[in-house]
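Ligands are counted one by one from 1 in listed order, and the atoms in each one are counted from 1 as well. All values below come from the heavy atoms of this structure, side chains included, with hydrogens, waters and symmetry mates left out. Given the structure is predicted, the values throughout are model-derived calculations rather than measurements.
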Amino acid sequence: MRIIVCAKQVPDTTEVRIDPVTGTLIREGVPSILNPDDANALEEALKLKDNNPDITVSVVTMGPPQAEIMLRECLAMGADEVYMISDRAFGGSDTWATSNALAAAIRKIGDYKFIFAGRQAIDGDTAQVGPQIAEKLDIPQVTYVQDFSLDGDTVTVQRQLEDGYEVIKVKTPVMLTAVKELNDPRYMSVDMIFDAFKKDVTIWTIDDLDIDSTVVGLKASPTRVARSFTPSPKGKGVMLEGTTQDKIERLVVELKHKHII
Ligand SMILES: Cc1cc2nc3c(=O)[nH]c(=O)nc-3n(C[C@H](O)[C@H](O)[C@H](O)COP(=O)(O)OP(=O)(O)OC[C@H]3O[C@@H](n4cnc5c(N)ncnc54)[C@H](O)[C@@H]3O)c2cc1C
């Protein structure tokens, strides 16, 4: 049985800078990490593998060549095989084009019971790629998975809501997107780090995938970043003076003025 995990390499910061001219992410000088939600997705796949050694955990990423080191991290956590789709043809892809490329890679890997992705990447922050891949592969999806169990071909998940959760039963194959409450990702072990550098990283270009070049990359993307800017800092704080009653009255006026209440 195969489980495919979608993992993205992201800048280790929540304040992603974007080149105002090209609209692309500025990656220089920012350390890169495995996207946190994807670490939860991988951990869940590895937990299933801990109990069933017949499971193969395959990780797939789309990204520039330097994403390979993130895949080695996934191997050092316990993944069995890793795939990277990397080609200039994919550059500038929005979420639609990204999910086209990843769905094509997943089709090529094939024979999967689940696909796990993170709920959201901390750089693009859209939470769209997982559901879009499911659409393109024509399989069901459950997002915001905070708990998970498997019984034969039936998956029971708790789907996180703002004020609780819902329990959903679904048949495999299925796309699940993980939130951080799902588990605590394991650390890499020293032995596994050494082994990770002996394993192959399969690298596919656009020619290796059964995909039309008109559905990937910047030109194919239905959306464009027209402008990007850093939000201006908030103004100075104001200390309210007077009695408690005065302060409350002034606060109410200010909040009404700002349309907060
Ligand atoms: C309008 C628009 C225009 C864009 N233009 C550009 C651009 O010109 N250049 C540029 O560099 N970026 C661009 N991006 C960013 C790019 O689209 C995203 O990095 C990418 O589509 C993933 O979306 P996300 O980061 O929001 O991921 P999310 O949808 O938040 O990710 C959810 C999950 O999907 C999986 N996933 C997402 N991306 C990948 C991946 N690459 N490999 C493996 N798994 C993945 C992960 O499991 C992740 O946790 C653009 C985004 C938008 C919205």
Side-chain angles (χ1 to χ4, degrees), residues 3-11 13-14 16-28 30 32-45 57-71 73-74 79 82-106 108-109 114-137 141-145 175-180 182 185 201-204 209 215-228:
I3 304 175
I4 296 180
V5 178
C6 299
K8 184 182 182 192
Q9 189 188 43
V10 292
T13 170
T14 43
V16 178
R17 287 179 308 137
I18 299 178
D19 187 320
V21 179
T22 60
T24 54
L25 300 177
I26 300 175
R27 294 193 164 92
E28 289 78 39
V30 184
S32 295
I33 55 165
L34 167 64
N35 181 53
D37 283 349
D38 305 356
N40 296 104
L42 177 57
E43 174 61 30
E44 207 56 24
V57 176
S58 312
V59 178
V60 62
T61 195
M62 176 176 119
Q66 56 267 34
E68 182 181 329
I69 195 71
M70 183 261 323
L71 290 176
E73 189 180 332
C74 295
V82 291
Y83 298 85
M84 177 158 80
I85 53 171
S86 197
D87 196 309
R88 293 208 80 82
F90 301 130
S93 293
D94 69 0
T95 59
W96 183 80
T98 298
S99 57
N100 282 335
L102 285 169
I106 290 170
K108 180 160 172 151
I109 299 167
F114 307 100
I115 305 168
F116 273 115
R119 176 201 53 154
Q120 191 160 348
I122 59 170
D123 52 356
D125 247 0
T126 66
Q128 293 174 358
V129 172
Q132 288 183 5
I133 292 173
E135 284 277 334
K136 284 158 192 178
L137 296 174
Q141 56 176 286
V142 185
T143 52
Y144 289 72
V145 173
M175 160 65 84
L176 303 168
T177 76
V179 292
K180 65 175 188 308
L182 182 59
V201 172
T202 304
I203 301 175
W204 286 332
L209 300 179
V215 299
V216 292
L218 184 63
K219 272 198 184 153
S221 295
T223 51
R224 290 283 157 85
V225 178
R227 188 166 81 93
S228 65

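Taking every non-hydrogen atom of A127 and a distance limit under 4.0 Å, the qualifying atoms of ligand 1 come out as 28 (P), 29 (O), 30 (O). Taking a cut-off of under 4.0 Å to the non-hydrogen atoms of A117, the atoms of ligand 1 that pass are 47 (O). Set against the non-hydrogen atoms of T223, the atoms of ligand 1 under 4.0 Å away are 1 (C), 2 (C). Each of the atoms 42 (N), 43 (C) of ligand 1 lies under 4.0 Å from some heavy atom of T61. In the vicinity of T98, heavy-atom distances shorter than 4.0 Å reach the ligand 1 atoms 20 (C), 21 (O). Near D123, with a cut-off below 4.0 Å to any heavy atom, the atoms of ligand 1 are 25 (O). Each of the atoms 42 (N), 43 (C), 44 (N) of ligand 1 lies under 4.0 Å from some heavy atom of A7. The contact set between ligand 1 and L102, taken as ligand atoms under 4.0 Å from a residue heavy atom, comprises 39 (C), 40 (C), 42 (N), 43 (C), 44 (N), 45 (C).
For R119, the closest heavy-atom approach to ligand 1 falls below 4.0 Å. Heavy-atom distances between S93 and ligand 1 reach below 4.0 Å in at least one pair. Residue contact check for ligand 1: V225 places a non-hydrogen atom closer than 4.0 Å to it. Put simply, part of V60 is less than 4.0 Å from ligand 1, judged by heavy atoms.
Summarising the local packing, CZ of R224 is surrounded by more than 12 heavy atoms from other residues, nucleotides or ligands at distances under 6.0 Å.
A donor atom on one side chain and an acceptor atom on the other are not found under 3.5 Å apart for N35 and Q9.
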